[in-house]
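The structure appears below as structure tokens.
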Amino acid sequence: MIDQIARIRITLEDMKPAIWRRVELPVTNSLKTLHLAIQACMLFENYHLFRFEVGDAAYGIRFRDDDAFMVRTRDAANMRIATLVERRVTSFIYTYDFGDNWRHRVEIEEVTSAIPATDYPRFVDGERRAPPEDVGGTPGFEEFLKAMAKPRHPERASMVQWYGAIFDPADISPDEVNARMAILAKRRALGRAAYADAKSRDS
């Protein structure tokens, strides 16, 4: 049986020029895996909490005291992309780091058959580098970009020291993205192998 693959575009909201990525994941993957794929392709470090907003439902990491914040968060690991496809959901929101509040528009563009001998999840394409961790949200990122763009900017030296390098907004580091996605694909392959092995022992 050939896997069904969802092609998904992730666009960071309120950014011009647009910062976006396109990835492909098996529809059997969960929103938790999609979260990890977004972290990988945006080069985030998974330091902070996240939440998917799908209609009136929220998916992320479930805490007992969620109701105190008037948000009932369901476990992202329990919602499959296939279920969203079946419900004809084509667009929803992913927020990472509730302090910096990075809101992304997630769009399921199409569902196709997997390409033989291709590892999934996989990175397809994208443009513009995502903000560094803890840069201070959209306003902080705008100031960060201004400082990086002007060699004589009074904050440039401290920004370079804080970031650890010169920030190139056009460089999405595809090799690093692909390396991170390969780790996710390897985990999936190991999980499938373990499942097949367990099933063969039971039969």
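All values below come from the heavy atoms of this structure, side chains included, with hydrogens, waters and symmetry mates left out.
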Residues which pass salt bridge (Lys or Arg N to Asp or Glu O under 4.0 Å) with Glu176, listed by chain and number, not counting sequence neighbours: Arg180

Set of residues satisfying side-chain hydrogen bond (donor to acceptor under 3.5 Å, both in side chains) with respect to Ser30, sequence neighbours excluded: none

By ring-ring contact (aromatic ring centres under 6.0 Å, His included) - contacts of Tyr94 (at least two apart): His35, Phe52, His104

Sequence-distant partners of Lys150, salt bridge (Lys or Arg N to Asp or Glu O under 4.0 Å), two or more places apart: none

Could you give the side-chain donor-acceptor pairs of residues 157-164 under 3.5 Å, partners two or more places apart or in another chain?
{"residue": "Ser158", "atom": "OG", "partner": "Glu155", "partner atom": "O", "Å": "2.9"}
{"residue": "Ser158", "atom": "OG", "partner": "Glu155", "partner atom": "OE1", "Å": "3.4"}
{"residue": "Tyr163", "atom": "OH", "partner": "Arg129", "partner atom": "NE", "Å": "3.4"}

Test salt bridge (Lys or Arg N to Asp or Glu O under 4.0 Å) applied to Glu13 - qualifying residues, sequence neighbours left out: Arg103, Arg105

Arg9 charged N/C atom sitting above Trp20 aromatic ring, 6.0 Å / 45°: yes

side-chain hydrogen bond (donor to acceptor under 3.5 Å, both in side chains) partners of Asp75, counting only residues at least two apart: none

Pairs satisfying ring pair (Phe, Tyr, Trp, His ring centres under 6.0 Å), at least one member in residues 113-136, at least two apart: none

Partners passing salt bridge (Lys or Arg N to Asp or Glu O under 4.0 Å) against Glu109 (at least two apart in sequence or in another chain): Arg22

Tyr47 side chain to Gln39 side chain, donor-acceptor N/O pair below 3.5 angstrom: no

Selection residues 157-168 - residue pairs positive for salt bridge (Lys or Arg N to Asp or Glu O under 4.0 Å), sequence neighbours left out: none

Between Asp100 and His48: side-chain donor-acceptor atoms closer than 3.5 Å: no

side-chain hydrogen bond (donor to acceptor under 3.5 Å, both in side chains) involving Glu107 - partner list, sequence neighbours excluded: none

Selection residues 25-39 - residue pairs positive for salt bridge (Lys or Arg N to Asp or Glu O under 4.0 Å), sequence neighbours left out: none

